[in-house]
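Remember, predicted model here, so these are calculated numbers, not experimental data. We count residues from 1, following the sequence as given.
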Amino acid sequence: MNTAELPGLDPCVHCGLCLQSCPTFVATGDEADSPRGRIVLMQALVRGELDASDPLLAQHLDRCLGCRGCESACPSGVQYGHAIEDVRAVLADTRSVPLLARLVLSTFAESRIRRPLLAVARWMRPAARYLTTDSLVGFAIGMLAATRPLNRQTGGPVGGTGRRAKNGNGLRLSNATTRNPTPHQVRGRAVVFRGCIMEGLFGHVNGATERTLEVNGFPLVTVPDQSCCGALHAHAGLRREAQDLARRNIGAFGDDPDVRVVVNSAGCGAMLKEYGRLLQGDPWHERAVDFAKRIQDVSETLTQVGPQAGASLPLTVAYDAPCHLHHAQRIIEPPVDLMATIPGLRRIVHAESEHCCGSAGIYSLTQRALSREVLARKLAALRAVSPDVVATGNPGCQMQLGAGLLASGYDVPVVHPVELLDYSYQQAGFYDN
């Protein structure tokens, strides 16, 4: 590598304004675990002053969550997220990616392996909440428990441990499988990006996304051959694997600019929007750039048209902003505005809402201790405001927060914002059951 390969780091003046936005620096107090410190390490690598095989270099770069909170705090526009991915790709060429990480990423990439494994996981899910603990295995079980759909999440009132919403209502959904036969004004065609974990463990969120889109005038197009987005592979430095998945998706979704691709996973959305950069210099680059222009988060799509109002939900919700929605995509207001359209729903703000929860894809597996230390701050902030429900727009965040709350004895549902809108619509009678 040479310095020209990381131009996004050039604007850094080492002012330190990023330090308190970095969860790992806050946790460890180590300058090398801060964005500023990691930038020094990355620049030393490209200048040849550090070798890619240096174990301390790898240690501090591996500890980065990739949350990109530093980018939001930076007054100079440093493109830290792109640089860390580029350097991790270099490191992946000089060392082996940990076996556990490779196994997980291979499973996500191959639908023939992923689908039966996640089907087994769904079968085990009803018992998972009773087996959740703070141990390595118990926490993993808690992450599975956190994927339960609303109608099975508590088996009754919000909270599942005797805590009720202020009006005594519980979050329970009937299985609304058919949709309002008279949708509102047609706004344009859409296709939902189904993802890998979203399809396997959060099919209920995909269903809620499809129903709410159709109610608001978006006829749906089906794309059966879509693949994993490749985000976790890119974050781990497995660029070639990520590029292969990108080409599969671009080919599957076609080139019709009038069909918007709606995403309900913040991490997937950020990756899909960066396919042009991922395939820079590739024969697929032009198609990748055009494809990226069609990507929208579901909150963007619905708030642009002004979603229909449903029934009242007298609940208190704490919104937790996913890093790759808030910092990477800079989509800040749409999820909040979406929930604001739900009558009766009251949003409360907690102190850690814009900071990482410590999930970061497979980070909670590869950097368990640091991940949990980062999560502890988030859990304390949520408990301080005592919500009826927590809402966040990313599957990893839902699993991390849900497992953490369960393990700490605070069984509060963690849902996607679009699930709340879907529940409001179901209560309003918008669906035929």
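Listed by first then second residue, pairs satisfying salt bridge (Lys or Arg N to Asp or Glu O under 4.0 Å) with a partner in residues 328-341 number zero, not counting sequence neighbours. Residue pairs meeting the ring pair (Phe, Tyr, Trp, His ring centres under 6.0 Å) criterion with at least one partner in residues 221-251, sequence neighbours excluded, are His235-His324. Here salt bridge (Lys or Arg N to Asp or Glu O under 4.0 Å) pairs that include residues 60-75, with residues two or more places apart or in two chains, are Asp33-Arg63, Asp62-Arg95, Arg68-Glu71, Arg68-Glu274.
Taking the side-chain hydrogen bond (donor to acceptor under 3.5 Å, both in side chains) definition, one finds that Asp30 meets it with nothing, sequence neighbours left out. Every salt bridge (charged side-chain N to carboxylate O under 4.0 Å, His left out) that Arg114 has, sequence neighbours left out, goes to Glu199. Residues that satisfy the ring pair (Phe, Tyr, Trp, His ring centres under 6.0 Å) test with His204, not counting sequence neighbours, are Phe202. Scanning for side-chain hydrogen bond (donor to acceptor under 3.5 Å, both in side chains) contacts around Asp54 gives an empty result, with sequence neighbours left out. With sequence neighbours left out, Phe25 forms a ring pair (Phe, Tyr, Trp, His ring centres under 6.0 Å) with no residue at all. Applying the salt bridge (charged side-chain N to carboxylate O under 4.0 Å, His left out) rule to Arg122 yields no partners; only residues at least two apart in sequence or on another chain are considered. Take Tyr425 and apply the ring pair (Phe, Tyr, Trp, His ring centres under 6.0 Å) test, not counting sequence neighbours, and it matches Phe430. Judged as a side-chain hydrogen bond (donor to acceptor under 3.5 Å, both in side chains), and not counting sequence neighbours, Glu241 has no contacts. For Thr209, the side-chain hydrogen bond (donor to acceptor under 3.5 Å, both in side chains) partners at least two apart in sequence or on another chain are Asn264.
A donor-acceptor contact under 3.5 angstrom links the side chains of Gln296 and Thr301, judged on distance only. At a cut-off of 3.5 Å, with distance as the only test, no side-chain donor of Asp422 or His416 sits close to an acceptor on the other residue.
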Could you please spell out the steps behind the side-chain contact (heavy atoms from CB on, under 4.5 Å) verdict for Tyr363 and Cys64?
CA-CA 9 Å; Tyr363 188 95; Cys64 176; over 6 Å; no

